[in-house]
Amino acid sequence: MTAAFPNNRPDIADLLAFYASVGVDEALEDRSVNRFAEVAPKPMERAPTVASSGDTVAPQRSTNISRAEAGDRANAPPVARPPSATTAVPDEAQAALARQLATTATTLDELRQHMASFDGCNLKTTAKSLVFADGNPEAAVMLVGEAPGRDEDIEGLPFVGRSGRLLDRMLAAIGLDRTSVYIANVIPWRPPGNRTPTPHETEICRPFIERQIELVNPKVLINLGGPSAKTLLNTSEGILRLRGNWRVHTTASGIAIPAMPTLHPAYLLRTPAHKKLAWRDFLEVKAKLRALGD
Ligand code: URA
């Protein structure tokens with residue numbers, strides 16, 4: 001990747017800081033390459049997809065381009081564009097398509113396939129993998145985190161990095177492991193640079209995780225961290241208030257699943273003094289499982 005100000009060292013530091021702030025965390029080549037100039041998109045080049053209305057629409061590039069990308073594009077020669085009727089599908093249309101794909105999946109395998117074919121979330125364009133799930137789909141306990149990080153993106157599995165190793169120890173402390181729990185995330189694609197997913201991205205991905213929970217139908221749900229709790233428990237309360245108290249996640253078909261919000265392992269790595277709170281929450285889960293005869 002070539003810096004825009006190659007002879008001025010302070011500017012290079014600024015440029016690197018800028019790249020980091022917009023989520024650019026890997027250098028692929030020595031020089032920047034304008035891919036938009038290289039490959040002028042042809043109208044309807046890719047296979048059409050089915051919209052929520054049942055109509056077919058051409059797949060979209062996200063309209064959310066990064067500032068770095070925008071700079072490249074400003075210098076690029078004009079390129080042919082598909083007709084505007086097929087370019088400006090709003091996020092709501094993508095959320096509707098996600099809802100339709102999620103609802104029509106009758107098994108976890110189908111759901112994974114539908115998510116793999118879905119191009120409506122811009123996070124997919126920067127992620128290496130669809131991080132669908134790990135563990136046992138028959139498990140009584142399902143844990144849901146926020147979004148994959150770098151290690152998860154590389155391996156295609158949730159919670160395999162540092163916070164995942166802590167999570168494994170927390171599970172072991174109440175006699176569980178990845179053969180007796182099922183683990184997924186609200187967002188299945190790594191946000192670039194591990195940035196926080198936007199509310200739009202969360203809304204677009206929400207139908208998938210809701211359907212995943214419904215298909216697993218666990219006896220107990222554990223929400224790891226605030227974003228998972230807020231998204232799936234329909235609340236705006238902070239995690240430090242929510243944690244430790246049983247809530248209910250209600251699926252689209254009306255099944256009420258007891259849910260325990262707790263602190264995210266990544267937060268516990270930064271704030272080890274709060275591990276005792278998470279320990280209490282996990283003991284609550286153990287007691288609940290015993291009460292449910294598990
Ligand atoms: N943090 C999450 O929320 N999910 C993962 O899979 C990894 C880290």
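Atoms within a ligand are numbered from 1 in the order they appear, just like the ligands themselves. Keep in mind that this is a model prediction, so the values were computed, not measured.
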Close-contact set for ligand 1 against [X] heavy atoms, below 4.0 Å:
{"X": "P158", "result": "6 (O)"}
{"X": "G145", "result": "3 (O)"}
{"X": "H264", "result": "1 (N), 2 (C), 3 (O)"}

Examine [X] against ligand 1 and note whether any of their N/O atoms are separated by less than 3.5 Å.
{"X": "A147", "value": "yes"}
{"X": "F159", "value": "yes"}
{"X": "E146", "value": "yes"}

According to a 4.5 Å side-chain heavy-atom criterion applied to Ile, Leu, Val, Met, Phe, Trp and Tyr, with indirect links allowed, do W279 and L240 form part of one hydrophobic cluster? yes

Test of understanding: clusters of I, L, V, M, F, W, Y form through side-chain heavy atoms closer than 4.5 Å, transitively. Do I222 and V144 belong to the same one? no

Indicate yes or no: at least one non-hydrogen side-chain atom of L108 is less than 4.5 angstrom from one of Q212. yes

Between [X] and [Y], does at least one N-O distance fall below 4.0 Å, as a salt bridge requires?
{"X": "E155", "Y": "R150", "result": "no"}
{"X": "K124", "Y": "E201", "result": "no"}
{"X": "E284", "Y": "K288", "result": "no"}

Identity and distance of the protein heavy atom lying nearest atom 4 (N) of ligand 1: N185 OD1, 2.8 Å

Say whether, by atom type as modelled, one donor and one acceptor occur between the side chain of D294 and the main chain of L289 under 3.5 angstrom. no

Does ligand 1 have an atom that lies less than 4.0 angstrom from a heavy atom of S163? yes

Side chain, backbone, both or neither: which applies to A266 and ligand 1 if a contact is any heavy-atom pair less than 4.0 Å apart? neither

